[in-house]
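Here's the structure we're looking at; comments come further down.
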There are 2 protein chains.
Amino acid sequence: MLDQRKAFILATVVYEYVATAEPVGSVALTQKYNLGVSSATVRNEMAELEAAGYLVQPHTSAGRVPSDAGYRTYVDQLMRPETLPIDEQRHIRDEFREASRKLEEVIEDTTRLLGQLAKNVAFTVAPARDSQTFRHAQLIWLSERTGLAIIVTSLGVAAQRQFEHGAQIEADDLTRLSNVLNARLGGKTLRAIVALDLADIVREQGLPEELGHAVEAAFQSALRSDGAPLVSSSGAQHLLDQPEFQDLRKLRSILRIIEEQKSLYELVADSMASEGPAVKIGHELGSDEITECSIVTVPYGFGGEMVGVLAILGPRRMPYARLMALAAGTAESLNRHLADAEIR
Amino acid sequence: MLDQRKAFILATVVYEYVATAEPVGSVALTQKYNLGVSSATVRNEMAELEAAGYLVQPHTSAGRVPSDAGYRTYVDQLMRPETLPIDEQRHIRDEFREASRKLEEVIEDTTRLLGQLAKNVAFTVAPARDSQTFRHAQLIWLSERTGLAIIVTSLGVAAQRQFEHGAQIEADDLTRLSNVLNARLGGKTLRAIVALDLADIVREQGLPEELGHAVEAAFQSALRSDGAPLVSSSGAQHLLDQPEFQDLRKLRSILRIIEEQKSLYELVADSMASEGPAVKIGHELGSDEITECSIVTVPYGFGGEMVGVLAILGPRRMPYARLMALAAGTAESLNRHLADAEIR
DNA sequence: GCTGGCACTCCTAGTCTGTGACTGCTAAGT
DNA sequence: ACTTAGCAGTCACAGACTAGGAGTGCCAGC
C-alpha cells in the first residue's frame with residue numbers, strides 16, 4: 001500500500017505525463033505542484049516508487065514515466081472520477097436526436113461521434129446477430145414467381161432475402177405463413193430459430209418444400225457468415241498526433257489491428273460483461289502489438305441486457321477520467337436511443 | 001507529340017519509378033533496359049522531356065521522376081492495359097459467392113477485398129438513397145398500439161420505422177394501405193415519393209391522420225439526413241508502406257481525408273458518369289492536400305444504370321494498369337451480384 | 001527525516017564532412 | 001546532324017562528432 005505522499009506523487013506524475021508526454025523529473029514536479037518538500041525528497045520517493053514497480057525510467061538521465069501498474073493504481077484508486085461537462089452532454093444528446101433509425105447507421109454515427117470527442121480512435125462492437133430476439137417475419141408476394149422474406153428482430157430488420165416460389169403460391173399463402181411463423185417463433189433468439197426445423201413448419205401448412213428452404217435461407221442470412229459481430233472504427237488520424245506513435249513501425253502495427261475487425265473484437269469481447277466503464281492498460285490487453293495502448297470500454301444495451309461495447313483506444317498516456325466519463329455518457333445516450341427504437 | 005524514342009524513355013522511367021520509388025537516372029536506365037543508345041543520349045532526351053513537362057527533377061543531382069503530365073501520357077497512350085490473372089479473377093468471384101445479401105455489407109466487403117488486393121486504400125461510394133426506385137412498402141401490425149413500416153427498394157430494405165397508431169387500426173387496414181401505396185408508388189424514386197403528399201393518400205383511405213404522418217416519416221428516414229451517400233474505406237495501413245508517406249505531415253493530411261466520407265465522395269463524385277475505369281492523377285484531383293496521390297475509379301451498377309463508384313487511392317507512383325484491371329474486375333463481379341440480388 | 005550541493009550519466013540537436021549519384025556541357029567521332 | 005566519351009560541378013545523405021541540458025544518485029549537514 002502506498003502512503004499518502006507516495007500516492008500523491010504517483011498521481012501527479014501520471015497527471016503531468018498525460019498532459020505533457022515528457023518523462024517527469026523531480027525538479028519539474030516540485031516547481032509545478034505544491035508538494036511542500038524539496039526535489040531531493042521527491043527523488044527519493046520516486047526511486048522507491050520505481051523499485052515498487054509503479055514508475056519506470058526510459059533511461060538513466062531522464063525523468064520517470066508511469067508503468068502499467070502505475071496507471072492501474074491511478075485509475076483504480078487515485079484519480080478523481082469526472083463527469084461530462086454540460087455542453088458536451090448536450091452535444092451528444094443532440095447528435096442522437098437526429099440519428100437515423102437504422103441500427104448499423106446509429107452504431108456507425110456513434111463511433112464517429114465518440115472518436116471526435118475523445119480525440120482518439122473509437123470503435124464499437126455491434127450487437128451480435130445470433131442473440132437478437134426475433135419479432136416478426138414478413139413474407140411478401142412480389143410477383144408470380146418471386147417473393148421477399150424480411151426478418152425483424154428487436155433491433156430492426158436483420159435480413160431480407162428474395163426467393164422464387166412456385167406459380168401456385170398466392171399472396172394469402174405468404175401472409176398466412178408469416179402469421180404462423182410469428183406465432184411460433186416470437187421471442188426466440190435467431191440462434192435458436194436457425195437450429196429448428198423450419199421447413200417442417202412450412203410443410204405443415206401444406207406449402208411447397210421450396211418455400212421452406214426459402215424461409216430457412218432467410219433466417220440463415222440474418223446471421224453473419226463468420227459469426228463475429230460487426231466492428232466499426234473511427235478516428236485513426238488522431239494516433240498521428242500522439243508523440244508515442246511518431247515511430248512508423250509502431251503506427252503500422254496498430255493501424256493493422258484497427259483495420260482488422262476481428263482483432264478489435266477480441267480486445268474487448270470480455271468487456272461486455274462489465275458494469276459501466278472499464279479500462280485495460282498496456283499488457284492487460286493481452287496483445288504484444290499494442291502494449292503501448294490502453295482501451296476504455298463501456299457496454300451498451302437496453303432492457304437490462306448488454307448487447308455491444310463502445311471502446312476508445314489510445315496511448316496509455318490518456319486522460320482516463322475524462323474518457324471514461326465520455327464513454328459512459330455516450331453509452332447512456334445510445335442506450336436510451338436503442339430502447340426508444342426497440343421493436344417489441 | 002512524342003517521337004518513339006522519347007515515348008519509350010518516358011514509359012520506361014514511369015515503369016522503373018513505379019517499381020523502385022527512386023528517381024531514375026540516365027545510367028541506371030541504359031544499364032537496366034536495352035535502349036540501344038548511350039546514357040548521354042538518354043540524358044539529352046530526358047532533358048527535353050523535362051523541358052516539355054513530362055519529367056521533373058527533385059533536385060539538381062538526382063534522377064528524374066514523372067510529373068502529373070508524364071503519368072497522364074503514360075496512362076492514356078503508353079502503357080499496355082492488363083487483364084486480371086485468372087487466379088485473382090477466381091478469388092474475387094469466390095468472395096462474392098459467399099457475400100451477404102445486405103447491401104451495406106456487400107459494399108463493405110467489396111471495399112475490404114479491393115483494399116487487400118490493391119494493397120492500397122480502397123473506398124466505395126454506396127448507391128444514393130434518394131435515387132433508388134421504390135419496390136414495396138409493408139406496414140405491419142405489431143400490437144394494438146404500434147406498427148412497423150418497412151420500405152423496400154430495388155436494392156433491398158431501405159428503412160424500417162416503428163410507429164404508434166390509434167387503437168381502432170386493425171391489421172387489415174395496414175395491409176390495405178400497403179397495397180395502395182405499392183400500386184401508386186411502384187417504380188418511382190424515393191426522392192420523387194418524398195415530394196408527394198402521402199398523407200393525402202392515407203386520408204383517401206379513410207385512415208387517421210397520424211398514420212399518414214407515420215408513412216411520411218418512414219419514407220423520410222429512408223433518406224440520409226445529410227444527403228451525401230455513404231462512403232466506406234479500407235486499407236489505410238498500406239499507406240505506411242509507401243516511401244512517399246513516411247513523412248508524418250503528409251500522412252496526417254491524407255488520413256484525415258480518408259476518414260471524412262464527404263471529402264472522399266467529392267473526389268470521385270463525377271466519376272460515376274465515366275464508362276469503365278478512369279484515373280485521376282495528382283492535381284487532377286482538385287485538392288491541394290492530396291496532390292501526391294492518384295485515384296483509380298470505376299462506376300458500378302446494374303440494369304444499365306450506374307449507382308456508385310469503386311475507388312483505389314494510392315501514391316501517384318501506382319501500378320495503373322494493374323489497378324485499373326483490378327477495379328474493373330471487382331466492379332464486374334459486384335455488378336453481377338447486384339443484378340442477381342435486385343428486387344424487381 | 002529532509003535538504004542543498006555536486007559529480008556523473010546519457011539523450012538530443014546541431015554542425016560538419018566525405019561519399020556517391022547525378023547532371024550538363026564540350027569536343028570529338030560517325 | 002546525331003551520338004558518345006569524358007569531365008567538372010552540384011547536392012542530398014549518412015555518419016561522426018560535439019556542446020548543452022535535464023535529470024539522477026549520493027553524501028554531508030541541518
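As a basis for the values below, the full set of heavy atoms in this structure was taken, side chains included, without hydrogen atoms, waters or symmetry mates. Below, chains carry the letters A, B, ... as their sequence lines are ordered, and counting in each starts from 1.
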Legend entry - Separation of C:dA13 P from A:Gln246 CD (nearest whole Å): 12 Å
Legend entry - Length of the line joining A:Lys32:NZ and D:dG23:P, which is rounded to integer Å: 12 Å
Legend entry - Shortest side-chain distance from A:Ser61, nucleotide among C:dA21, D:dA22, D:dT3: D:dA22
Inset, instruction - Report the distance from atom NE2 of A:His59 to atom P of D:dT24, rounded to the nearest whole Å. - result: 10 Å
Inset, instruction - For B:Ser39, answer base if it contacts any base atom (sugar-phosphate contacts may also be present), sugar-phosphate if it contacts only those atoms, and nothing otherwise; contact means non-hydrogen atoms under 4.0 Å. - result: nothing
Legend entry - Gap between atom NZ of B:Lys119 and atom CD1 of B:Ile312 - 0.5 Å precision: 12.0 Å
Legend entry - A:Thr73 OG1 to A:Met79 CE distance, which is reported to the nearest 0.5 Å: 12.0 Å
Inset, instruction - Compare every heavy atom of A:Gly276 with every heavy atom of A:Pro299, then report the nearest pair and how far apart it is. - result: CD-O, 3.5 Å
Inset, instruction - Select base, sugar-phosphate, or nothing to describe what A:Val27 touches, counting heavy atoms under 4.0 Å on all strands. - result: nothing
Inset, instruction - Provide, to the nearest angstrom, the distance between the CG atom belonging to B:Leu35 and the C1' atom belonging to D:dT4. - result: 15 Å
Inset, instruction - Could you tell me whether the phosphate oxygens of C:dC22, OP1 or OP2, come under 4.0 Å of any side-chain nitrogen or oxygen in B:Ser26? - result: no
Inset, instruction - Answer yes or no: does a side-chain N or O of B:Thr60 lie under 4.0 Å from OP1 or OP2 of D:dC11? - result: yes
Legend entry - Nearest-nucleotide comparison on DNA chain D, the residue closer to the 5′ end among B:Pro58 and B:Thr41: B:Thr41
Legend entry - Nearest-Å distance for atom pair CG/C1', residues B:Asp3 and D:dA1: 15 Å
Inset, instruction - May I ask you to say what A:Ala62 touches in the nucleic acid, namely base, sugar-phosphate or nothing, with a heavy-atom cut-off under 4.0 Å? - result: sugar-phosphate
Inset, instruction - In whole angstrom, give the distance that lies between atom CG of A:Asn44 and atom P of D:dC26. - result: 9 Å
Inset, instruction - Would you kindly say whether A:Thr111 and A:Thr124 are connected by a side-chain donor-acceptor distance under 3.5 Å? - result: yes
Inset, instruction - Output yes when at least one side-chain N/O atom of A:Arg5 is less than 4.0 Å from OP1 or OP2 of C:dC2, else no. - result: yes
Inset, instruction - Compare the minimum distances between each of D:dA5, C:dT3, C:dG24 and the side chain of B:Ala40, then state the nucleotide with the smallest one. - result: D:dA5
Legend entry - Rounded distance in Å - CG (B:Leu55) to P (C:dG24): 11 Å
Inset, instruction - Give a yes/no on whether any side-chain N or O of A:Arg43 is located under 4.0 angstrom from OP1 or OP2 of C:dC6. - result: no
Inset, instruction - Can you tell me the distance, in whole Å, between the CG atom of A:Leu29 and the P atom of D:dA22? - result: 16 Å
Inset, instruction - Verify the contact: side-chain N or O of A:Arg64 to OP1 or OP2 of D:dG23, cut-off strictly under 4.0 Å; return yes or no. - result: no
Legend entry - Interatomic distance, B:Thr20 atom OG1 to B:Tyr15 atom OH [nearest 0.5 angstrom]: 11.0 Å
Inset, instruction - Could you work out which one of C:dG4, C:dG24, D:dT24 sits closest to the side chain of B:Gln57? - result: C:dG24
